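See structure below.
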2 protein chains.
Amino acid sequence: MARSMAAKDGEAPRTRDAEATQKRILAAAKREFSRLGLGGARVDDIAEKANANKRMIYHYFGSKEDLFKKVLEDAYQDIRAAESKLDLKGLPAETALEKLVRFTWKYYLDHPEFLTLVNSENLHKARHLKSSQNIEAINRPLHNMVQDILDRGVREGVFRSGLDEMQLNVTIAAVSYYYFTNRFTGAVVYKRDFMTEEALRARIDFNVDTILRLVRV
Amino acid sequence: MARSMAAKDGEAPRTRDAEATQKRILAAAKREFSRLGLGGARVDDIAEKANANKRMIYHYFGSKEDLFKKVLEDAYQDIRAAESKLDLKGLPAETALEKLVRFTWKYYLDHPEFLTLVNSENLHKARHLKSSQNIEAINRPLHNMVQDILDRGVREGVFRSGLDEMQLNVTIAAVSYYYFTNRFTGAVVYKRDFMTEEALRARIDFNVDTILRLVRV
DNA sequence: TTCCTATGTAACTATTTAGTTATTTAGCGG
DNA sequence: CCGCTAAATAACTAAATAGTTACATAGGAA
């Protein structure tokens with residue numbers, strides 16, 4: 001006769017904790033989506049690596065696409081929250097800008113999954129982000145922060161005026177983002193390891209220099 | 001009784017042309033791989049869009065992965081060939097560098113598939129490129145070209161010395177590459193269309209400025 | 001103590017997918 | 001113009017995959 005219990009032999013039945021299960025699913029989904037992209041990630045694998053059941057993924061998140069959307073929203077929320085903690089208000093414009101450039105670099109270095117998630121979302125023409133309700137509010141503080149630094153720099157007489165906040169922001173992201181996401185083809189094309197301590201130090205210094213030269217009068 | 005002919009009713013049997021078939025397969029594969037990534041592209045779809053048969057893909061290219069590898073090698077070959085036609089040898093260093101920056105921008109704009117192919121390859125840690133025999137020779141002219149420009153600029157007294165060719169090359173690529181690949185999330189985050197004529201003009205001018213400020217003494 | 005529902009498991013399904021096999025035939029060398 | 005090989009087609013297979021259904025039960029509310 002079949003056992004009536006669902007739990008495996010020898011294992012105590014799991015204590016129930018909806019919140020913890022959702023967190024484990026989100027963490028596993030983030031790993032898998034960033035490692036393999038939306039198309040390459042497998043729902044079965046996410047369930048297994050979350051130590052959960054596929055049924056729970058559909059129960060809590062609706063579909064693979066909706067799960068991806070939630071992972072992506074959380075990723076944006078996380079980077080914007082980390083940026084907000086920088087507190088650059090009181091600093092001279094140049095110092096503030098350098099801090100922001102170094103922060104961006106460090107965040108990408110420590111959260112490589114953010115980069116591949118964003119890449120995957122762009123491969124899909126940002127259709128998940130487009131339908132996100134929260135994303136506008138999430139990103140607003142970043143625009144204000146950079147605009148403030150630019151304004152302050154002009155008032156201090158150290159930055160040129162008329163600089164576009166978006167162009168600067170995109171360039172700050174670009175010089176770090178591209179280095180990391182393209183480090184594998186880069187290693188082949190330039191025949192060097194992009195991730196040694198020495199290589200990383202050289203690149204972030206170069207990036208700070210690039211951005212400061214860009215804004216200075 | 002079943003028809004013995006393989007061709008569809010009413011269609012003349014295809015004239016045989018191995019080279020043309022391979023070209024159609026490569027073109028369709030490039031489109032599909034760049035549109036959906038290595039993981040997202042479907043061999044059946046590639047065959048159909050190539051107006052060919054799946055069997056031919058395996059016959060000529062061995063496997064889906066090998067087909068991707070060939071598409072990628074061709075893509076690198078194409079951009080490097082286009083670069084070689086620039087012929088910057090006789091120009092002043094600043095003019096040559098600006099031409100290279102504008103060329104890179106224009107190439108990415110006209111060949112968006114190159115960007116997504118490279119992204120896909122980096123998601124897979126460049127394992128196809130790593131095992132490519134030709135890729136080293138394909139990329140060598142680029143290094144020489146940029147190193148020559150840097151050397152000439154120093155001799156002319158307009159560029160600083162000690163600049164790393166790789167850092168400059170990566171930055172030239174980064175400021176254009178990132179703008180294009182992240183234009184979808186960018187449109188959401190900055191609430192503007194990245195691809196209007198005006199937006200494109202503003203960005204390329206900004207990029208030229210960024211790079212020239214970076215190298216000037 | 002007893003229900004009831006949210007939490008959880010496992011087995012199932014319909015479809016898709018990379019890769020193969022069986023077969024046909026165009027077009028060229030002799 | 002014969003016969004062979006490379007080019008081409010279509011049908012097939014085994015495995016994988018997103019999503020569903022059927023069922024079990026922990027643990028809180030009544």
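Because the structure is a prediction, the values reported are computed rather than measured. So you know, we letter chains A, B, ... as the sequences are listed, proteins then strands, and number each from 1.
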Review point. Between C/dA18, C/dT9, D/dA7, which nucleotide gets closest to the side-chain atoms of B/Ala18?
Key: D/dA7

Point to revise | N/O (side chain, B/Arg55) to phosphate O (OP1/OP2, D/dA10) under 4.0 Å | key: no

Exercise for review: Output yes when A/Glu32 and A/Lys49 qualify as a salt bridge under the 4.0 Å nitrogen-oxygen rule, no when they do not.
Suggested key: yes

Check your understanding: In whole angstrom, what separates A/Gln22's CD from C/dT7's P?
Key -> 7 Å

Practice item. Look at all strands and tell whether B/Ala20 reaches a base, only sugar-phosphate, or nothing, counting heavy atoms closer than 4.0 Å. Key: nothing

Study note, to complete from the structure: Walking DNA chain C from its 5' end, the first of B/Val43 and A/Asn53 to be reached, judged by nearest nucleotide, is A/Asn53

Study note, to complete from the structure: Separation of D/dT20 atom P from A/Lys64 atom NZ, nearest Å, is 14 Å

Practice item. Could you tell me whether B/Arg127 and B/Glu65 have a side-chain N and a carboxylate O separated by less than 4.0 Å? Key: yes

**Study point:** Carboxylate-amine/guanidinium contact B/Asp164 A/Arg192, below 4.0 Å
**Key:** yes

**Study point:** For atom CD1 of A/Ile57 and atom P of C/dG8, their distance in whole Å
**Key:** 13 Å

Check your understanding: Checking only heavy atoms, does the side chain of B/Lys54 share a donor-acceptor pair with the base of C/dG19 at less than 3.5 Å?
Key -> yes

Check your understanding: Does a nitrogen or oxygen in the side chain of B/Ser63 sit under 4.0 Å from OP1 or OP2 of C/dG19?
Key -> no

Review point. Does OP1 or OP2 of D/dA8 have a side-chain N or O of B/His59 closer than 4.0 Å?
Key: no

Point to revise | Integer-rounded Å distance: C/dT17 C1' and B/Leu36 CG | key: 14 Å

Exercise for review: Identify whether the distance between the nearest side-chain nitrogen and carboxylate oxygen of B/Glu136 and A/Lys191 falls below 4.0 Å.
Suggested key: yes

Practice item. Would you mind reading off the distance between B/Ile25 atom CD1 and D/dA8 atom C1', rounded to a whole angstrom? Key: 10 Å

Revision key, fill the gap. Considering only heavy side-chain atoms of A/Tyr60, the closest of C/dG19, D/dA10, C/dT7 is C/dT7

Review point. If you take atom types as modelled and just measure distance, does the side chain of A/Asp44 reach the base of D/dA16 with a donor-acceptor pair under 3.5 Å?
Key: no

Practice item. Answer yes or no: does a side-chain N or O of B/Tyr58 lie under 4.0 Å from OP1 or OP2 of C/dT21? Key: no

Point to revise | Salt-bridge present (A/Asp205, A/Arg102; N to O < 4.0 Å) | key: yes

Practice item. From the options D/dA26, C/dG19, D/dA8, select the nucleotide whose nearest atom is closest to the side chain of A/Arg16. Key: D/dA26

Study note, to complete from the structure: note: B/Asp17, atom CG; C/dT25, atom C1'; distance rounded to Å ~ 16 Å

**Study point:** Atom pair distance, as rounded to whole Å: CE in A/Met56 and C1' in D/dG19
**Key:** 14 Å

Point to revise | A/Glu19 CD to C/dA6 C1', straight-line distance once rounded to whole Å | key: 15 Å

